[in-house]
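The residues of the chain are indexed from 1 along the displayed sequence.
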Amino acid sequence: AYQPQPAHKFTFGLWTISNRGRDPFGEPVRDPLPPNDAVAMLGDVGAWGVNLHDNDLVPIDATAAERDRIVREFKAAMQQHGVVCPMATVSLFTDPIFKDGAFTANDPQVRAYAVQKTMGAMDLGAELGATIFVLWGGREGTETDACRRPDDAVKRLREAVNYLCEYNIAQGYQYRFAMEAKPNEPRGDIYMSTTGSYLGFIPTLDHPDMVGVNPEVAHETMAGLNFTHAVGQAWDAGKLFHIDLNDQNPGRYDQDFRFGAANPRAAFFLVKFLEDVGYAGPRHFDAHAYRTEDYEGVKAFARGCMRTYLILKEKAARWNADAEIQAIVKAAHGDGANLGPFSADSARALANREFDRKAIAAPGLAYEQLDQLTTEILLGVR
Ligand code: 3MF
Ligand code: MG
Ligand code: MG
């Protein structure tokens, strides 16, 4: 039981298990883990896939010949360990050139370089078999809003994404882009701070069908929001192209904890949602092991992410099959038809309909009992 299978589509970023535990106050605690060894580790723990930024694999100053050798050897490692690459992304935040942003930077040379670098990362991902391309605007933001107008940033971002969509078409890559929101860190404030911001931005693009979102548990939680609600809205819009699973306590630094480590209850409602609606994309863990760990601890971290997901999936099935829970849910949803389409007749009928406010408001909804039963399932006594 709880054994990860390819059908579960569990993936990890190369940057997640290779994370060396550097933080703003401390040096790395783990030795570098070469990409091919990381792939071996992912195969070992039973993950389905690996995702990567261009420079997780290919150093930013590699020659074309070095790049080709690295990619060739990486593909061989993927093959050997039975690991696929469904998603690729680009680092537009590590190099100092991006200190004032990438697509939204004030310097047009930086903006052009950012698009060039992303095109290269798309080439790389396509070579590895990726069909999803994530864009996280890590440095698209400000410390001081004196530097530019925020609507100019939106226009520049739109220009860049439109350009990349055209490149996608011209190259015949068939990528779907997934935009990842985050409210802050590393910038003081990042543009497109929530998944909802991107859901508003996407319809303004030239190829809106090609672009969706990549919501992340930690990012929405850092903004103090309910992650599952954001995911629900993305799903409803047909825009849930990818998802970043991890965990986070509100009001803290960007923690990237093991999935379910901070708020297993929220994780339960998330897994239940994804499984109930039949989300078919990768379950990507964008998290890393505590700084206290060696690489055995990293493996425990990776296994833990997947195991917790599968445990919560089983709990969700148990919840759905629980007669007492379902009776409360059914009662809570009420009987009778929805509002129905607007017409002059239906509006007149609605205007004249009588509502017994007191009687309607009188019964309790039994959500206390519903929640307690949920808790008991989660705590393993039901
Ligand atoms: C930062 C993130 C990023 C993105 C990654 C993928 C380094 O908080 O979540 O991880 O997920 O860049 O595009
Ligand atoms: Mg993150
Ligand atoms: Mg992420």
Side-chain angles (χ1 to χ4, degrees), residues 53-55 60 88-122 132-169 175-216 218-225 227 230 233-234 237 239-242 244 253-254 286:
H53 301 88
D54 47 356
N55 306 136
I60 193 165
T89 181
V90 58
S91 172
L92 297 177
F93 44 89
T94 311
D95 193 86
I97 193 176
F98 300 125
K99 65 186 179 187
D100 190 34
F103 301 148
T104 66
N106 284 346
D107 184 342
Q109 294 183 91
V110 176
R111 300 203 295 274
Y113 174 68
V115 172
Q116 181 204 66
K117 191 172 192 291
T118 305
M119 287 161 53
M122 289 170 65
I132 300 162
F133 198 90
V134 167
L135 286 170
W136 170 58
R139 302 253 175 218
E140 317 289 11
T142 64
E143 285 73 37
T144 169
D145 284 331
C147 69
R148 80 180 65 78
R149 277 174 47 159
D151 58 331
D152 283 341
V154 176
K155 288 182 176 64
R156 289 172 185 171
L157 180 65
R158 181 182 301 117
E159 185 185 20
V161 176
N162 282 339
Y163 197 96
L164 294 167
C165 286
E166 296 298 344
Y167 185 67
N168 188 31
I169 295 168
Y175 274 119
R176 299 209 298 167
F177 293 95
M179 313 293 297
E180 179 173 343
K182 188 177 183 183
N184 54 268
E185 215 175 312
R187 295 309 294 268
D189 293 283
I190 302 179
Y191 301 123
M192 302 290 162
S193 50
T194 67
T195 298
S197 310
Y198 272 128
L199 291 174
F201 171 74
I202 291 167
T204 73
L205 295 169
D206 289 347
H207 297 283
D209 293 348
M210 208 181 280
V211 185
V213 291
N214 178 39
E216 173 169 319
H219 298 178
E220 233 70 29
T221 306
M222 286 168 73
L225 302 176
F227 182 65
Q233 194 185 351
K239 292 297 183 192
L240 190 65
F241 288 6
H242 199 261
D244 276 6
Y253 67 97
D254 179 13
D286 187 5

Next on the checklist: Quick one, Phe241 and Val134 - any side-chain contact, counting heavy atoms below 4.5 Å?
Outcome noted: no
Next on the checklist: Looking at Gln109, I want to see if its CD is surrounded by more than 12 non-hydrogen atoms of other residues, nucleotides or ligands under 6.0 Å.
Outcome noted: no
Checklist outcome for this item: Closest non-hydrogen atoms of Ala234 and Val213, given as atom of the first, atom of the second and distance, are CB-CG2, 3.5 Å
Item to check | Within 6.0 Å of OH in Tyr163, more than 12 heavy atoms from elsewhere | outcome: no
Next on the checklist: So which atom in Asp254 and which in Glu185 form the shortest heavy-atom distance, rounded to 0.1 Å?
Outcome noted: N-OE1, 3.0 Å
Next on the checklist: Within this structure, what is the CD-NZ distance for the pair Glu216 and Lys182, rounded to the nearest 0.5 Å?
Outcome noted: 7.0 Å
Checklist entry - To the nearest 0.5 Å, how far apart are CZ in Phe98 and CZ in Phe103? => result 8.5 Å
Next on the checklist: Would Val154 and Arg149 count as a side-chain contact (heavy atoms from CB on, under 4.5 Å) here? Give the steps.
Outcome noted: CA-CA 9 Å; Val154 176; Arg149 277 174 47 159; over 6 Å; no
Checklist entry - Tell me, do Arg139 and Asp95 make a side-chain contact under 4.5 Å, heavy atoms counted? => result no
Checklist entry - CD of Glu140 to OH of Tyr191: how many Å apart, nearest 0.5 Å? => result 9.0 Å
Item to check | Asp145 side chain reached by Pro150 side chain, heavy atoms, under 4.5 Å | outcome: no
Checklist entry - Quick one: does His53's side chain get under 4.5 Å of Asn55's, heavy atoms only? => result no
Checklist entry - Which heavy atom in Pro208 sits nearest to a heavy atom in Pro203, and how many Å separate them? => result CB-CA, 4.2 Å
Next on the checklist: Set out, in order, the CA-CA distance, both residues' side-chain angles and the distance that settles side-chain contact (heavy atoms from CB on, under 4.5 Å) for Thr89 and Trp136, then state yes or no.
Outcome noted: CA-CA 8 Å; Thr89 181; Trp136 170 58; 5.5 Å; no
Item to check | Close side-chain approach of Met122 and Asp54, heavy atoms under 4.5 Å | outcome: no
Item to check | Atom pair CZ (Arg158) and OG1 (Thr204), whose distance is rounded to the nearest 0.5 Å | outcome: 3.5 Å
Next on the checklist: As an exercise, state the distance from OG1 of Thr194 to CE of Met222, rounded to the nearest 0.5 Å.
Outcome noted: 13.0 Å
Checklist entry - Between Thr195 and Gln233, do the side chains contain an N or O donor and an N or O acceptor separated by less than 3.5 Å? => result no
Item to check | Short side-chain to backbone donor-acceptor contact, Glu220 and Leu225, under 3.5 Å | outcome: no
Next on the checklist: Would the distance check show the side chain of Arg148 and the main-chain N or O of Thr104 forming a donor-acceptor pair, the cut-off being under 3.5 Å?
Outcome noted: yes
Checklist outcome for this item: In terms of heavy-atom contacts, Ile190 and Gly137 come closest through CG2-O, 3.3 Å
Next on the checklist: Run the side-chain contact (heavy atoms from CB on, under 4.5 Å) test on Asn168 and His207 for me, step by step, so that the C-alpha distance in whole Å, both residues' side-chain angles and the decisive distance to 0.1 Å come before the verdict.
Outcome noted: CA-CA 11 Å; Asn168 188 31; His207 297 283; over 6 Å; no
Checklist entry - Using 30° and 60° as the class limits, which term best fits the ring planes of Phe177 and Tyr175: parallel, tilted or perpendicular? => result tilted
Item to check | Nearest-0.5 Å distance, CG of residue Leu135 to OG1 of residue Thr118 | outcome: 6.5 Å
Next on the checklist: Ignoring hydrogens, what is the shortest heavy-atom contact between Lys117 and Ile60? Give both atom names and the distance.
Outcome noted: CE-CD1, 3.6 Å
Item to check | Shortest non-hydrogen contact between Ala178 and His242, atoms and distance | outcome: CB-CB, 4.1 Å
Item to check | Working for side-chain contact (heavy atoms from CB on, under 4.5 Å), residues Asp152 and Asn106 | outcome: CA-CA 9 Å; Asp152 283 341; Asn106 284 346; over 6 Å; no
Item to check | Side chains of His219 and Glu180 in contact at under 4.5 Å (non-hydrogen atoms) | outcome: yes
Checklist entry - Short question: side chain of Asn162, backbone of Asp206 - any donor-acceptor pair under 3.5 Å? => result yes
